[in-house]
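Being a predicted model, the structure only gives us computed values, none of them experimental.
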Amino acid sequence: MTATEHHNDVSGGWLRAATFGAMDGLVTNIALIAGVGGGGVGRQTLVLTGVAGLVAGAISMGIGEYTSVRTQNDQVAAELDKELHELRVDPEGEADELVGLWTARGLPEPLARQVADVLKANPEQALRVHAQEELGVVPDELPSPLTAAASSFVCFAIGAGVPLLPYLLGFDSLPAALLVGGAGLFGAGVLFARFTGRAWWRGGLWQLTLGAAAAGATYVVGALIGVGIA
């Protein structure tokens, strides 16, 4: 067994995007349905609103994730180019930087100097070490913009579709939609807790609480506006 076989895969950018997409889809459409339903609209209008929110939100999340991850990667690439240039024009100075960083963490200076001198002969490997030490990134493990966008898009759509299920199955009941949405929130919290090692019930209750707060706020707003318009 290698040293990494017992760890979850946290690279690639999919987990954060999937988590954010699913939770945002659930909370957004639960709150949207609660707000519109609180205004007293009919089933057809409510379903149309929910589906529009699903489509618009999924597209927005996908584009937003792609843009943010792409921008971050471009910024990292620019910093890596700058670091590689410094390694080629001033290898001694860059080696001294590593020695200073490592000795500040308690590594014996002779050992730190020995490793830094070895890295001077291999700029590409030295770049990897400098990127980890100075920028906190691994050059060949940057998240994929397409993976992040796809994960966010799909998971938002799935999450946003959950509270619509009762209406799509023919039930005209706001409490049923909110109950199903709440179950989805709790289930998502339990699922994502598995990636973090936290207690499943704590993760489920936390997400359910957040979603309930959002739904309660929009329901009150919808009810007040609906009454005012009437």
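In terms of modelled atom types and a separation under 3.5 Å, the side chain of S152 and the main chain of A148 share no donor-acceptor contact. In this structure a side-chain-to-backbone donor-acceptor pair under 3.5 Å is present from S68 to G64. A donor-acceptor pair under 3.5 Å is formed between the side chain of N73 and the backbone N or O of P143.
Both I33 and V51 belong to a single network of hydrophobic side chains, linked directly or stepwise wherever heavy atoms of I, L, V, M, F, W or Y lie under 4.5 Å apart. Linking ILVMFWY residues whenever their side-chain heavy atoms come closer than 4.5 Å, directly or via other members, leaves L107 and V118 in distinct clusters. Tracing side-chain contacts under 4.5 Å through hydrophobic residues (I, L, V, M, F, W, Y), one never reaches L179 starting from V162; they form parts of separate clusters. The cluster map of Ile, Leu, Val, Met, Phe, Trp and Tyr, joined by side-chain heavy atoms under 4.5 Å apart, puts I30 and F192 in the same cluster. Linking Ile, Leu, Val, Met, Phe, Trp and Tyr residues whenever their side-chain heavy atoms come within less than 4.5 Å places L174 and V47 in a single cluster.
Taking a 6.0 Å sphere around CD of E109, one finds it holds 12 or fewer heavy atoms contributed by other residues, nucleotides or ligands.
A heavy-atom distance below 4.5 Å is found between the side chains of E97 and E134. Inter-residue side-chain proximity for E141 and R128 is flagged as met; some heavy-atom pair is nearer than 4.5 Å. Contact annotation: the side chain of R16 approaches that of V69 to within less than 4.5 Å [non-hydrogen atoms, C-beta and beyond]. Contact annotation: the side chain of D117 never approaches that of Q114 to less than 4.5 Å [non-hydrogen atoms, C-beta and beyond].
Shown here for G38 and Y219, the closest heavy-atom pair between the two residues is CA-CE1, 3.4 Å. Among all heavy-atom pairs drawn from L80 and L127, the shortest one is O-CD1, 3.6 Å. Scanning all heavy atoms of the two residues, the minimum distance from A193 to G203 falls at CB-CA, 4.4 Å. The two atoms that bring A126 and L87 nearest to each other are C-CD1, 4.0 Å, heavy atoms only. The nearest pair of heavy atoms linking V129 to W102 is CG1-CZ2, 3.7 Å. The shortest non-hydrogen separation linking Y167 to R43 is O-NH2, 2.5 Å.
With rounding to the nearest 0.5 angstrom, the CG atom of L84 is 4.0 Å from the CZ atom of R88. A distance of 10.5 Å separates CG in L146 from OG in S151, rounded to the nearest 0.5 Å. The line from CZ of F186 to CG of L191 is 12.0 Å long, rounded to the nearest 0.5 Å. Between the OG1 atom of T28 and the CG atom of L26 there is a distance of 9.0 Å, given to the nearest 0.5 Å. The distance from atom CZ of R105 to atom OG1 of T103, rounded to the nearest 0.5 Å, is 10.0 Å. A distance of 10.5 Å separates CG of L135 from NE2 of H130, quoted to the nearest 0.5 Å.
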Practice item. List the steps, then state whether side chain to side chain contact (heavy atoms under 4.5 Å, CB included) holds for N29 with L164. Key: CA-CA 8 Å; N29 247 19; L164 283 173; 3.9 Å; yes
Exercise for review: With side chain to side chain contact (heavy atoms under 4.5 Å, CB included) as the test, would you mind laying out the steps for E65 and F20 before giving the verdict?
Suggested key: CA-CA 10 Å; E65 280 293 335; F20 185 44; 3.8 Å; yes
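A salt bridge does not link K120 with E94: every distance from a Lys NZ or Arg NE/NH1/NH2 to an Asp or Glu carboxylate oxygen is 4.0 Å or more.
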